[in-house]
Protein chains: 2
Amino acid sequence: MQRKSYGNMQCPIARSLERVGEWWSILILRDAFQGLTRFEQFQKSLDIAPNMLARRLGALVKAGVLERRRYCERPPRYEYVLTERGRDFRPVLWALLAWGNAHFAPEGKSVVLIDSATGAEAEPLMVDRHTGRPLAAPAFRTAPGPAADESTRQRHSGGAGRIP
Amino acid sequence: MQRKSYGNMQCPIARSLERVGEWWSILILRDAFQGLTRFEQFQKSLDIAPNMLARRLGALVKAGVLERRRYCERPPRYEYVLTERGRDFRPVLWALLAWGNAHFAPEGKSVVLIDSATGAEAEPLMVDRHTGRPLAAPAFRTAPGPAADESTRQRHSGGAGRIP
DNA sequence: CGAGTGACTCTCATAATGCTAGTTATACGG
DNA sequence: CCGTATAACTAGCATTATGAGAGTCACTCG
């Protein structure tokens, strides 16, 4: 049977999920952003079986999101650090954090974003880098880009209904 | 064995992933934002087996992200529409889109965000809603919130290293 | 030499994924 | 009235991924 791959889709969301869409991957990245680097640290933090952790770390390394580095020659010890590609993933984590806080924290927020300088709570908001305007529908929407093929163009050719 | 659940974790990212972290779920939401509502539309768009689609739609409905509505009495026909909780998921999709475009589109972008008014391409950026400052490390970081318990507090008590 | 540490691999059970075919409820054309 | 079409699914079964737990390897330290 084999799990179907999104990899050959043109959609950038599908391409992203191909790399981080499996169970555990995103939580591993979350912990990497918290500063964890070693196998044992991830294992303790996530309470994950070591074989699963090894598979996921391997996949994230292959995807270029993490880098495996030897930090000790003898005995051989390795650490996993975010690459630039991995560090660019942060907005996704913050969007997930905001969504979780807004909808799945009935007892109140257990993790928040804060301004390191003032300690004030920050509220993530997506804006257009150029105009600074909040990215809300229907003022902003997706459209085929320069590399879009016919099928991608058709997805965006409307007719599907109102975009909420 | 059973797939381990993130549901009992306090972390809002884990809570979010508990709802949308499975294979296909996020792509279904992506299509819902594109305006698709009917079972058959999702099936064609995603090329997914009908039983898998039924399971995922059911899970998303149970999570309160989609709503199942009868849009035709006779014959009985249903549609799936985003709830407010579902519409709030949009920033996550846009963050994934931006990440995919930046890192996994070697032949160029096939999908972009545009300003509906001007047609200009938009570039998503996360800022603090209050101060308008870009949410970048290390100026912003996560911290335990009011509902944090001891284990959550320990995660954030530093000592794990520098946050990249 | 024996215990300890860190980073894994191996084996095996079970659950999730996925293909294909079939079902239900109804409309429509002849 | 009968056959075909459409939409939205379910059922049965193969294959794969996930996960628990134990074991391995390469050392260091006392």
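Everything numeric here is computed off the predicted structure, so don't read it as measured data. Every chain is numbered from 1, with letters handed out A, B, ... down the list of sequences.
Side chains of A/Gln34 and B/Thr142: a donor on one and an acceptor on the other come within 3.5 Å. With no hydrogens or angles considered, a side-chain donor-acceptor pair links B/Thr152 and B/Gln10 at under 3.5 Å. A side-chain N or O of B/Glu18 and one of B/Ser5 form a donor-acceptor pair less than 3.5 Å apart.
Atom CD in B/Gln41 sits about 13 Å away from atom P in D/dC9, given to the nearest Å. When the C1' atom of C/dA13 is taken as reference, atom CZ of B/Arg3 falls 17 Å away, rounded to whole Å. If you measure from atom CZ of B/Phe42 to atom C1' of C/dG18, you get 19 Å, rounded to the nearest angstrom. Atom-to-atom, OH of A/Tyr6 to P of C/dG18 comes out at 8 Å; the value is rounded to the nearest Å. Summarising the geometry, the separation between CD on A/Glu79 and P on C/dA7 is reported as 9 Å, rounded to the nearest angstrom. If you take CD of B/Glu22 and P of C/dG18, they are 11 Å apart, rounded to a whole angstrom. Computed from coordinates, the A/Leu36 CG to C/dA7 P distance equals 12 Å when rounded to whole Å. As a whole-Å value, the separation of A/Arg69 CZ from C/dG6 P is 19 Å.
Nucleic acid contact class of B/Phe39 (heavy atoms, under 4.0 Å, all strands): base. Across all strands shown, A/Tyr71 has heavy atoms under 4.0 Å from sugar-phosphate atoms exclusively, and none from any base. Using a 4.0 Å heavy-atom criterion, one finds that A/Tyr80 contacts the sugar-phosphate atoms exclusively.
Linking Ile, Leu, Val, Met, Phe, Trp and Tyr residues whenever their side-chain heavy atoms come within less than 4.5 Å leaves A/Leu125 and B/Leu97 in two separate clusters. Clustering ILVMFWY residues whenever any of their side-chain heavy atoms sit less than 4.5 angstrom apart, transitively, puts B/Met9 in the very cluster that holds A/Leu36.
Rounded to the nearest 0.5 Å, atoms NE2 (A/His130) and CD (B/Glu121) are 7.0 Å apart. From A/Leu57, atom CG reaches atom CE of A/Met52 across 10.5 Å, with rounding to the nearest 0.5 Å.
Distances shorter than 4.0 Å separate none of the side-chain N or O atoms of A/Trp24 from OP1 or OP2 on D/dA17. The side chain of A/Tyr78 contributes no N or O atom lying less than 4.0 Å from OP1 or OP2 of C/dT5. Neither OP1 nor OP2 of C/dA16 sits under 4.0 Å from any side-chain N or O of A/Trp23.
The stretch residues 46-57 of chain B touches DNA chain C through B/Ala49, B/Pro50, B/Asn51, B/Met52, B/Arg55, B/Arg56, each having a heavy atom within less than 4.0 Å of the strand.
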Next on the checklist: How would you summarise protein contacts on nucleotides 24-30 of chain C per nucleotide, using B for base, S for sugar-phosphate only and - for none, with heavy-atom distances below 4.0 Å?
Outcome noted: -BSS---
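Aromatic ring centres of B/Trp24 and A/Tyr6: separated by under 6.0 Å.
With a 6.0 Å cutoff to the six-membered ring centre and a 45° limit on the axis angle, A/Arg69 does not count as a cation-pi contact of A/Tyr78.
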